[in-house]
**Q** 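Questions regarding the structure given below will be posed in turn.
Remember, it's 1-based here, ligands and their atoms both numbered in the order they're listed.
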Amino acid sequence: MRLKAKAPARAKALHFLPGFQPSGAQHWPTPHDLYSALLNKEFVLYYQPELELATHRIVGVEALIRWRHPQRGAVNPAQFIPLAEECGLILDIGRWGLGEACRQMRIWNSMDPSLNRLRVCVNLSAREFAKEDICDHIEELLRVHELDAMQLGVEVTETSLMTNLSTAVNVLSRLRQMGVALLMDDFGTGYSSLNYLEAFNFDVLKIDRSFVSRMAAGNNAQKIVRVIIELARVLNMEVIAEGIETMEQYKLLARLGCRYGQGFLLARPMPAEDVTRLLQLPGKILPESSFDRRTEGLREIA
Ligand code: C2E
Ligand code: MG
Ligand code: MG
């Protein structure tokens with residue numbers, strides 16, 4: 001693959017970004033590969049619908065990045081986000097992702113005025129909110145795309161908060177003042193979860209998939225899920241269960257009072273055009289017949 005003339009200088013400069021230690025043995029991908037993917041527009045956003053469990057109504061979507069590599073096909077974020085974080089390119093990739101998600105949200109808004117209550121949630125890495133200028137960037141995106149701030153959500157994990165606590169406090173409180181929704185992602189898997197819940201005002205707790213997947217009637221995972229739902233209720237937060245793959249998990253969660261969920265059973269991450277089709281269903285309600293009951297034990301192929 002050939003890069004445009006400017007790329008090599010920038011790729012070289014990547015090694016000077018704070019915190020990046022180039023390792024001796026270069027594995028695929030390299031920072032250079034990531035930079036060229038950005039230049040060549042090989043990244044795309046997929047969107048996974050988030051549903052109200054009782055009604056199957058789509059209330060939001062989570063933007064999930066994919067790399068469409070010309071030779072290797074679809075590359076999942078686990079294969080490149082850690083490197084992008086390490087070398088600093090996550091700042092450029094993240095900015096692209098935020099812009100793309102807002103641009104898409106505006107398209108959905110223009111399709112149907114009732115869609116202006118839909119929320120698009122974007123995952124943020126620690127490095128992205130290490131600089132307070134992310135708030136100005138988001139403010140500008142909301143203005144340019146004429147979005148209500150409540151239509152945008154940012155997902156952060158406990159681990160990413162830990163990395164840069166003092167800036168995170170400032171960034172998240174400013175985003176909150178702006179009206180952007182704050183989601184605590186993968187809840188229950190990091191350290192000191194409760195400290196973070198006390199320090200930050202999250203709007204939403206996302207119950208990590210690991211609890212949901214181990215859940216069965218009466219077992220410990222189910223009891224933990226029940227307590228997380230109760231915790232969210234007491235703290236006035238919404239709760240979204242991640243990774244719902246089976247009807248059993250879906251029913252258990254609904255019975256425990258979990259209001260929202262996402263997972264392969266309900267809808268997989270998909271290109272924007274496919275979400276557009278789902279948003280045109282009456283009431284944005286997915287019929288139960290569309291649930292994918294074969295997902296048990298399967299892993300994502302998108
Ligand atoms: P996440 O934010 O916790 O996203 C949920 C992950 O679970 C997604 O994996 C999604 O495809 C997967 N998933 C959803 N439902 C199910 C299910 O029922 N079963 C199973 N087995 N998996 C399910 P994905 O897209 O590979 O993303 C992995 C992680 O990469 C994300 O975890 C997030 O931390 C990160 N990521 C994805 N997109 C971005 C991005 O644009 N920026 C940043 N900074 N990180 C991103
Ligand atoms: Mg997430
Ligand atoms: Mg998650």
Side-chain angles (χ1 to χ4, degrees), residues 34 37-38 42-51 53 60-68 74-102 104 119-130 134 152-161 163 181-190 193 202 204-215 228 239-250 253 260-271 275 291-302:
L34 290 182
L38 198 55
E42 289 167 12
F43 294 119
V44 286
L45 288 186
Y46 270 35
Y47 298 88
Q48 185 176 34
E50 295 163 348
L51 267 58
L53 296 182
V61 288
E62 177 175 8
L64 294 160
I65 195 165
R66 297 289 180 266
W67 179 359
R68 282 196 183 135
V75 184
N76 278 331
Q79 286 176 265
F80 63 91
I81 290 286
L83 174 69
E85 285 170 348
E86 203 189 333
C87 73
L89 256 183
I90 193 68
L91 296 175
D92 300 281
I93 296 174
R95 280 191 174 226
W96 168 82
L98 272 166
E100 181 60 18
C102 290
Q104 183 58 53
R119 181 169 65 204
V120 64
C121 298
V122 177
N123 290 284
L124 287 191
S125 296
R127 229 170 172 147
E128 292 178 75
F129 56 87
I134 186 155
L152 180 68
V154 297
E155 301 199 2
V156 296
T157 63
E158 295 156 62
T159 318
S160 62
L161 285 176
T163 317
L182 306 183
L183 292 87
M184 162 71 79
D185 204 357
D186 305 344
F187 183 72
T189 55
S193 326
F202 281 95
V204 182
L205 273 192
K206 297 190 79 170
I207 306 175
D208 191 66
R209 169 157 63 88
S210 57
F211 297 111
V212 174
S213 65
R214 291 197 300 267
M215 224 177 41
I228 297 176
V239 61
I240 302 181
E242 299 188 273
I244 305 175
E245 293 184 346
T246 67
M247 278 309 278
E248 190 197 358
Q249 291 161 358
Y250 168 82
L253 286 162
Y260 303 105
Q262 65 186 104
F264 291 172
L265 173 80
L266 311 171
R268 283 174 181 263
M270 56 184 85
V275 177
F291 286 6
D292 184 352
R293 293 169 191 237
R294 297 160 305 153
T295 47
E296 196 148 18
L298 290 184
R299 287 292 168 257
E300 191 192 3
I301 25 171

**Q** With atoms numbered from 1 as shown, which atoms in ligand 1 lie under 4.0 angstrom from a non-hydrogen atom of Leu64?
**A** 4 (O), 8 (C), 10 (C), 11 (O), 25 (O), 37 (C), 38 (N)
**Q** Restricting to ring-ring contact (aromatic ring centres under 6.0 Å, His included), what partner residues turn up for Phe211, sequence neighbours left out?
**A** none
**Q** Can you confirm, on distance only, whether ligand 1 has an N/O atom lying under 3.5 Å from any N/O atom belonging to Pro77?
**A** no
**Q** Please compare Leu124, Leu266, Asn123 and report which has the shortest non-hydrogen distance to atom 45 (N) of ligand 1.
**A**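 Shortest heavy-atom distance from atom 45 (N) of ligand 1: Asn123.
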**Q** If you compare all heavy atoms of Pro82 against all heavy atoms of Pro77, which two are closest, and at what distance to 0.1 Å?
**A**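 Shortest heavy-atom separation between Pro82 and Pro77 comes out as CD-O, 3.7 Å.
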**Q** Take Leu183 and Ile240 through the test side chain to side chain contact (heavy atoms under 4.5 Å, CB included) and record every step on the way to the result.
**A** CA-CA 9 Å; Leu183 292 87; Ile240 302 181; 4.2 Å; yes
**Q** Does Arg66 approach ligand 1 within less than 4.0 angstrom via side chain, backbone, both or neither, non-hydrogen atoms only?
**A** side chain
**Q** With sequence neighbours left out, what residues match Tyr260 under ring-ring contact (aromatic ring centres under 6.0 Å, His included)?
**A** none
**Q** Distance under 4.0 Å to a non-hydrogen atom of Ile244: what atoms of ligand 1 satisfy this?
**A** 18 (O)
**Q** Parallel, tilted or perpendicular: which one describes the rings of Trp67 and Phe80, with boundaries at 30° and 60°?
**A** perpendicular
**Q** Can you tell me if Glu62 has a non-hydrogen atom under 4.0 Å from ligand 1?
**A**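 For ligand 1, residue contact (heavy atoms, under 4.0 Å) with Glu62 is present.
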**Q** Within the structure, does Glu245 bring an N/O atom to less than 3.5 angstrom of an N/O atom in ligand 1?
**A** yes
**Q** Does ligand 1 have a heavy atom under 4.0 Å from the side chain of Gln262, from its backbone, from both, or from neither?
**A**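 For Gln262, there is no contact with ligand 1 at all, from either part.
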**Q** Would you please test Lys206 and Asp186 for side chain to side chain contact (heavy atoms under 4.5 Å, CB included) and show each step?
**A** CA-CA 6 Å; Lys206 297 190 79 170; Asp186 305 344; over 6 Å; no
**Q** Report the part of Asp185 in contact with ligand 1, treating N, CA, C, O as backbone and CB onward as side chain, heavy atoms under 4.0 Å; options are side chain, backbone, both, neither.
**A**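 The answer is the side chain.
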**Q** Just jot down the side chain to side chain contact (heavy atoms under 4.5 Å, CB included) partners of Pro271, sequence neighbours excluded, or say none.
**A** Tyr46, Glu273, Asp274
**Q** Can you name the closest pair of heavy atoms from Leu45 and Ala101 and give their distance?
**A** CD1-N, 3.7 Å
**Q** Would you name the heavy atoms of Gln249 and Ser213 that are closest together and state the gap between them?
**A** NE2-CA, 3.6 Å
**Q** Could you report the tightest heavy-atom contact between Arg209 and Gly243, atom names first, then the distance?
**A** CD-CA, 3.6 Å
**Q** With under 30° as parallel and over 60° as perpendicular, where do the rings of Tyr250 and Phe291 fit, or are they tilted in between?
**A**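 Geometry flag for Phe291 against Tyr250: perpendicular rings.
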**Q** Could you pull out the closest heavy-atom pair between Ser160 and Leu124, with the gap in Å?
**A**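 Smallest interatomic distance, heavy atoms only, reads OG-O, 4.4 Å.
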**Q** Have a look at ligand 1 and work out which part of Arg268, if any, has a heavy atom under 4.0 Å from it: side chain, backbone, both or neither.
**A**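 For Arg268, no heavy atom sits under 4.0 Å from ligand 1.
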**Q** Looking at Glu128, which atoms of ligand 1 are within less than 4.0 Å of one of its heavy atoms?
**A** 44 (N)
**Q** Is the closest N or O pair between Ile81 and ligand 1 shorter than 3.5 Å?
**A** no
**Q** Quick one, Glu128 and Val122 - any side-chain contact, counting heavy atoms below 4.5 Å?
**A** no
**Q** Under 4.0 angstrom from ligand 1, any heavy atom of Pro269?
**A** yes
**Q** I need the contact type for Asp186 against ligand 1. Using non-hydrogen atoms and a strict under-4.0 Å cut-off, is it side chain, backbone, both or neither?
**A** side chain
**Q** Is the closest heavy-atom distance from Glu242 to ligand 1 below 4.0 Å?
**A**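 Judged by the 4.0 Å heavy-atom criterion, Glu242 does count as contacting ligand 1.
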**Q** Which residues and atoms, protein N, O or S only, are under 2.8 Å from the Mg ion (ligand 2)?
**A**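 Counting only protein N, O or S atoms under 2.8 Å from the Mg ion (ligand 2), the list reads Glu62 OE2, Asn123 OD1, Glu155 OE1, Asp185 OD2.
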**Q** Does Lys206 reach ligand 1, in the sense of a heavy atom lying below 4.0 Å from it?
**A**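 No, Lys206 has no heavy atoms under 4.0 Å from ligand 1.
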**Q** Given the side-chain rings of Phe202 and Phe187, with only the six-membered ring counted for Trp, is the space between their centroids under 6.0 Å?
**A**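 Centroid distance Phe202-Phe187: not below 6.0 Å, so no.
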**Q** Number the atoms of ligand 1 from 1 as they appear, then name those within less than 4.0 Å of a heavy atom of Gln48, with their elements.
**A**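 Ligand 1 atoms under the 4.0 Å threshold to Gln48: 14 (C), 15 (N).
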